[in-house]
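A short worksheet on the structure shown next.
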Protein chains: 2
Amino acid sequence: MLKKERHAFIIKQINLHNKVLSADLATALNVSEDTIRRDLMELDDSRQIVKVHGGALSKSFHYPFQHTDIYAVDAKKAIARKAIGLIKSGMMVLTGGGTTVLEMMQALPQNLAVTIFTISPLVALQLADHPLVTVILIGGEFSKDSQVCVGSQVVNYLHEIKFDICFLGTNGISIADGVTDSDLNIVHLKKAMINASHRLVVMCISEKLNSVQRMNVCPLSKVDYLITDLDPDSAVLDDYREKGIQLY
Amino acid sequence: MLKKERHAFIIKQINLHNKVLSADLATALNVSEDTIRRDLMELDDSRQIVKVHGGALSKSFHYPFQHTDIYAVDAKKAIARKAIGLIKSGMMVLTGGGTTVLEMMQALPQNLAVTIFTISPLVALQLADHPLVTVILIGGEFSKDSQVCVGSQVVNYLHEIKFDICFLGTNGISIADGVTDSDLNIVHLKKAMINASHRLVVMCISEKLNSVQRMNVCPLSKVDYLITDLDPDSAVLDDYREKGIQLY
DNA sequence: TATTACTATGCGGTTTTATGCAGGATTTAC
DNA sequence: GTAAATCCTGCATAAAACCGCATAGTAATA
């Protein structure tokens, strides 16, 4: 077995599985681990793979997300575009926090005159230079984790007003468990927001579809619209369509 | 499972959900929590995530503060340093908006445990990564000009609480007219803030000293402390000293 | 063909890395 | 204020990597 052959084999394995272990290669190729290690070194030196302790990884595997500031921006922008279509002039809109909502506010047309209530300081700041929008920031204890206002103050406030439409990003949505989240405060909050709104729009990037978090926010029956980055006719969404949710 | 694989998995999870819990990762990846903790440490060290007690948070979720457009930064930093000396652990602090206050919050010692009420979303966000501070954001209509919450909602709220100390930046202060400002909403607000606080700290860069704005906020007799970037013994401040204001 | 020079490989011993575990200290939650 | 969760520190262990060296192969050349 020539060195070149081993190298070819290793590259093939990595392309196949995205990773290899030194020990596996040693037995598979019937050479010592030192040899494998030296092979991996060379392939790393020639930038064909990335050597790590214990084996090697495919180059594309090496931190695929580092370059985008916000993850899945494009998907979120797509969702934002669709979501904006649901807003009509004169509406009272309620929004949560989250990057998807932020994208949405950034893309809000300049000629839309609405009142936006939000629990997210970031959303408020984002709308600061929008000429026609009135922004009401709902105050309360500021959660360092989720960067929104939470707590009973917010919940009480929400009891007193009725909104036309509520936009929520979500961390988990599935057929079986509906909308779920992982933070107790946020769950309380979202429940109150949902109850305070005439219609509910849930926004979810396709990667998060059918994922379940620890705590229950609301059943799917409460969701009026589900917006994803997918084609609304996609088969992936069939189950949601059958539940009577409007897809965008 | 190679370490890098775990790292990639963790980063993906964080990008998806904006946060992860160590315990969840440990079960998901079938390693001990110690290992996860060490992983999170490393990812934090390399600035890819933000480690917090119990897990980690997405970094991209932090608001990009741009301090480029702040006027007279050095003077404001000097003021901020002095102002912080007035805050003691356990206090209920009320703050306005403004760049001086922001500088102050940025310089707040990590070991200070206080509750900070603010009308400024920027202040809240600035304090997001401060471990011991509880932040209460006072909600209301968001003023696009001044980037703080204004309106009757805020004023009403302020009627109900009494604070130990209130920090205000100002656009005008003079012997004859006291503290003045140019925006009606802000004047209402500041009056309410002053009334709600046991002591009042006014912060003013020397350039704005002895300038007068259109509307009256409060007489000098209400001002307990005046903090400028000047030497407190400076002759420029003599008139204020004679009014019984504590200078810093 | 014998000599030489160079590369590739394996082996033993040492060092480093990765991980888990035990305990005590801290922090958080109720 | 107490209980539970989380963290930190030090330690133990096994795996992996490293280092030097011996040896085997390989190739070029006299």
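Letters A, B, ... are given to chains in the order of the sequence lines, protein chains preceding strands, and every chain is numbered from 1. Side chains are part of it too, since the values below use all heavy atoms of this structure and drop only hydrogens, waters and symmetry mates.
For DNA chain D, the contact window with chain B, defined by any atom under 4.0 Å from a protein heavy atom, covers D:dT6 to D:dT9 in 5' to 3' order.
Contact annotation: side chain of B:R37 to base of C:dG20, donor-acceptor pair absent below 3.5 Å.
The CD1-C1' distance, from A:I36 to C:dG10, rounds to 13 Å in whole Å. To the nearest angstrom, P of C:dC21 lies 11 Å from CZ of B:R38. Rounded to an integer number of Å, the gap from A:D39 CG to C:dT7 P is 16 Å. Rounded to whole angstrom, the span from the CE atom of B:M1 across to the P atom of C:dG20 amounts to 12 Å. Remark: P of C:dT7 and CE of A:M41 are 18 Å apart, rounded to the nearest angstrom. The distance between atom CG of A:D34 and atom P of C:dT15, rounded to the nearest whole Å, is 17 Å. Taking atom CD of A:E33 as the reference point, atom C1' of C:dG13 lies 16 Å away to the nearest angstrom.
Taking the side chain as every heavy atom from C-beta outward, A:K243 and A:I175 approach each other to under 4.5 Å. Annotation: side chain of A:M105 is not in contact with side chain of A:V133 (no heavy-atom distance under 4.5 Å). Contact check for A:H7 versus A:L43: side-chain heavy atoms found under the 4.5 Å cut-off. With contacts defined as side-chain heavy-atom distances shorter than 4.5 Å, the pair A:L220/A:I173 qualifies.
Of all nucleotides listed (C:dT9, C:dG20, C:dA18), C:dT9 comes nearest to the side chain of A:K3.
Between B:L2 and A:L184, it is B:L2 whose nearest contact on DNA chain C lies nearer the 5' terminus.
Shown here is A:D45, whose CG atom has more than 12 heavy atoms of other residues, nucleotides or ligands within 6.0 Å. In the displayed structure, A:K222 atom NZ is contacted under 6.0 Å by at most 12 heavy atoms of other residues, nucleotides or ligands.
Look at A:T35 and you'll find a side-chain N or O under 4.0 angstrom from OP1 or OP2 of C:dG10. In this structure, A:R6 reaches the C:dT9 phosphate: one of its side-chain N or O atoms is under 4.0 Å from OP1 or OP2.
Ring orientation note: the planes of B:Y248 and B:Y225 are tilted relative to one another, at an angle of 30° to 60°.
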